[in-house]
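Notes to accompany the following structure.
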Amino acid sequence: CALTAGYAQQHPLFTQYMFNGLVINPAYTGTHESATLTASARNQWTGIKGAPQTQIFSGHAPIKFTRSSAGGLLMHDKIGVTNQYTLYGTYAYHIPVSTNGQVSVGAQAGASYYNSNYSSLNIISADATPDPSFAYNPSRWLPNLGLGVYYYTKKIYLGLSIPTVIRNEWNASDPFLTARQQQHYFLSAGYVMDLNADLKLKPNVLLKWVADGPFQYDINANLFIKEKVWVGVSYRMKDSVDGLLQFIINDQLNVGYSYGYPINALSAIQSGTHEFVLGYRIKKNKDIVLSPRYF
């Protein structure tokens with residue numbers, strides 16, 4: 001037999017990260033003046049059996065009369081027969097550094113539960129005998145920490161984060177298996193510029209790299225029309241071209257959709273990636289008008 005190393009996606013990909021920074025940076029916690037809840041669902045590489053599917057629910061809010069804020073992130077990520085359930089609590093401390101700008105320093109702590117249903121696979125061997133390696137369903141709890149820093153004003157943001165600091169091994173007692181959680185690094189930035197009274201342009205960039213892994217970037221441009229509709233396009237390095245559309249229903253509710261057209265080697269056997277996002281901002285007083293959020 002022959003042995004080879006395998007590499008797979010660990011941290012879920014997101015197209016609309018610029019509308020929910022908590023999925024990549026814990027320092028995003030509390031950057032809104034109100035409590036914010038966000039739900040998203042992503043179906044990647046539609047048409048391929050076992051392709052990644054991700055659902056996320058997050059919430060965060062400033063803590064009254066302090067510079068602190070708190071939040072949480074609940075995620076389910078499924079790839080093939082493996083399910084990952086992740087729960088993180090997040091905290092951030094905000095430091096004013098100018099008239100309009102603040103630096104937020106944040107952290108998150110929690111754990112991921114992994115379960116692989118190997119026994120559901122249809123294994124074909126040369127002698128038609130069952131492979132004992134796939135006769136069980138392994139599972140693991142893996143605790144982890146994340147760190148981030150985030151600078152923001154009403155028109156600009158710049159963030160750096162490491163969502164998984166601890167490089168947990170899947171099974172340290174198995175000499176043939178060296179699977180582990182790798183450290184992911186995210187550098188994100190965006191800027192909102194006024195084109196005229198009705199149009200704003202917001203370019204965004206996300207740089208991603210993994211310990212012992214490849215570098216990747218996302219570049220994006222969104223046009224904000226009359227403070228009601230975002231229309232945008234993104235390019236993910238050697239992977240996809242994405243179209244984005246988000247509607248601002250009112251000062252509390254927004255809904256977004258994106259479609260990713262594949263340009264990689266899988267383009268012949270898949271029909272693209274769909275992602276939905278729903279955001280809700282909580283205001284305690286109905287007479288208060290929440291200021292527009294650009295990120």
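In this chain, residues are counted from 1 in sequence order. For clarity, every value in this text was computed on a predicted model and none was experimentally measured.
- For the atom pair Tyr235 OH and Ile219 CD1, the distance stands at 7.5 Å (nearest 0.5 Å).
- Tyr259 and Phe276 fall within a single hydrophobic cluster, where Ile, Leu, Val, Met, Phe, Trp and Tyr side chains are chained together by heavy-atom contacts under 4.5 Å.
- Atom CD of Gln270 sits about 9.5 Å away from atom OH of Tyr261, to the nearest 0.5 Å.
- Residue pairs satisfying the ring-ring contact (aromatic ring centres under 6.0 Å, His included) criterion with at least one member in residues 186-205, sequence neighbours excluded, are listed as follows: His11-Phe186.
- A donor-acceptor contact shorter than 3.5 Å is absent between the side chain of Ser112 and the backbone of Leu142.
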Take Tyr151 and Ile156, measure what side chain to side chain contact (heavy atoms under 4.5 Å, CB included) needs, and give me the verdict at the end. CA-CA 8 Å; Tyr151 169 77; Ile156 191 171; 4.1 Å; yes
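- When all heavy atoms of Thr164 and Tyr88 are compared, the closest pair comes out as CG2-OH, 4.0 Å.
- In this model, no donor atom of one side chain and acceptor atom of the other lie less than 3.5 Å apart for Ser40 and Gln16.
- For the pair Trp209/Gln183, no side-chain contact is recorded, criterion being any heavy-atom separation below 4.5 Å from C-beta on.
- Remark: the backbone N or O of Ile24 is paired with a side-chain donor or acceptor of Ser161 at under 3.5 angstrom.
- In terms of the salt bridge (Lys or Arg N to Asp or Glu O under 4.0 Å) criterion, residue partners of Arg167 (sequence neighbours excluded) are, by chain and number, Asp212.
- Hydrophobic clustering (side-chain heavy atoms under 4.5 Å, transitive across Ile, Leu, Val, Met, Phe, Trp, Tyr) keeps Ile269 apart from Ile263.
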Carefully, step by step, assess Asn168 and Arg140 under the rule side chain to side chain contact (heavy atoms under 4.5 Å, CB included). CA-CA 10 Å; Asn168 289 302; Arg140 295 286 187 279; over 6 Å; no
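- Closest heavy-atom contact between Asp218 and Tyr17: O-OH, 4.2 Å.
- Every residue meeting the side-chain contact (heavy atoms from CB on, under 4.5 Å) condition with Ser234, not counting sequence neighbours, appears here in chain and number order: Asn220, Asp242, Leu244.
- Neither side chain, Lys78 nor Gln53, offers a donor N or O lying under 3.5 Å from an acceptor on the other.
- Checking Tyr91 against Thr29 by side-chain atom types alone, no donor-acceptor pair falls below 3.5 Å.
- Remark: side-chain polar atoms of Ser69 are not paired, donor with acceptor, to backbone N or O of Ile63 under 3.5 angstrom.
- No hydrogens or angles considered: nothing links the side chains of Asn20 and Tyr28 as a donor-acceptor pair under 3.5 Å.
- Annotation for Pro262 and Ser267: closest pair O-CB, 3.8 Å, computed over non-hydrogen atoms.
- Grouping the Ile, Leu, Val, Met, Phe, Trp and Tyr side chains by contacts below 4.5 angstrom, directly or via other members, places Tyr157 with Leu22.
- Looking only at atom types and distance, the side chain of Gln84 has a donor-acceptor partner in the side chain of Thr86 under 3.5 Å away.
- His184 places a side-chain N or O within 3.5 Å of a backbone atom of Gln182 that can act as its donor or acceptor partner.
- At a threshold of 4.5 Å between side-chain heavy atoms, the hydrophobic network of Ile, Leu, Val, Met, Phe, Trp and Tyr places Met237 and Val205 in one connected group.
- Taking 4.5 Å as the limit, every side-chain heavy atom of Gln252 sits out of range of all side-chain heavy atoms of Ser34.
- Within a 6.0 Å sphere centred on NZ of Lys155, heavy atoms belonging to other residues, nucleotides or ligands number more than 12.
- Using modelled atom types, no side-chain atom of His76 and backbone atom of Tyr85 make a donor-acceptor pair closer than 3.5 Å.
- At a threshold of 4.5 Å between non-hydrogen side-chain atoms, the residues Thr15 and Arg236 count as touching.
- The structure places CG of Leu87 at 8.0 Å from CG of Leu73, a figure rounded to the nearest 0.5 Å.
- Taken from CG in Leu278 to CG in Leu253, the straight-line distance is 5.5 Å, to the nearest 0.5 Å.
- Contact between Pro143 and Ile166 at its shortest, heavy atoms only, is O-CD1, 4.1 Å.
- Under the rule for a side-chain contact (heavy atoms from CB on, under 4.5 Å), the partners of Ser104 that lie at least two apart in sequence or sit in another chain are Ala27, Ala92, His94, Tyr150, Tyr152.
- Atom CG of residue Leu199 and atom CD1 of residue Ile225 lie 6.5 Å apart, to the nearest 0.5 angstrom.
- For the atom pair CD (Gln44) and CD1 (Ile79), the distance works out to 7.5 Å, reported to the nearest 0.5 Å.
- Checked by atom type and distance alone, the side chain of Asn264 never pairs as donor or acceptor with a backbone atom of Ser240 at under 3.5 Å.
- Under the rule for a side-chain contact (heavy atoms from CB on, under 4.5 Å), the partners of Leu147 that lie at least two apart in sequence or sit in another chain are Ala107, Val165.
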Stepwise, does the side chain to side chain contact (heavy atoms under 4.5 Å, CB included) test hold for Arg293 with Glu33? CA-CA 10 Å; Arg293 294 299 311 181; Glu33 74 271 24; 4.1 Å; yes
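- For the pair Tyr93/Thr66, no side-chain contact is recorded, criterion being any heavy-atom separation below 4.5 Å from C-beta on.
- For the pair Thr46 (side chain) and Gly272 (backbone), a donor-acceptor distance under 3.5 Å is present.
- Under the side-chain contact (heavy atoms from CB on, under 4.5 Å) criterion, Val233 pairs with Val241, sequence neighbours left out.
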Worked check of side chain to side chain contact (heavy atoms under 4.5 Å, CB included) between Val255 and Val277: CA-CA 6 Å; Val255 58; Val277 175; over 6 Å; no
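- Taking 4.5 Å as the limit, every side-chain heavy atom of Tyr257 sits out of range of all side-chain heavy atoms of Phe247.
- With respect to Phe224, the side chain to side chain contact (heavy atoms under 4.5 Å, CB included) criterion is satisfied by exactly one of Val231, Ile248, Val192: Ile248.
- Here the closest heavy-atom approach between residue Leu290 and residue Asp251 is recorded as N-OD2, 3.3 Å.
- Summarising the geometry of Gln108 relative to Pro26, their closest heavy-atom pair is OE1-CB, 3.8 Å, with the distance given to 0.1 Å.
- Side-chain contact between Leu187 and Leu158 is present, with heavy atoms from C-beta onward closer than 4.5 Å.
- If you chain together hydrophobic residues whose side chains sit under 4.5 Å apart, Trp141 and Leu145 never meet in one group.
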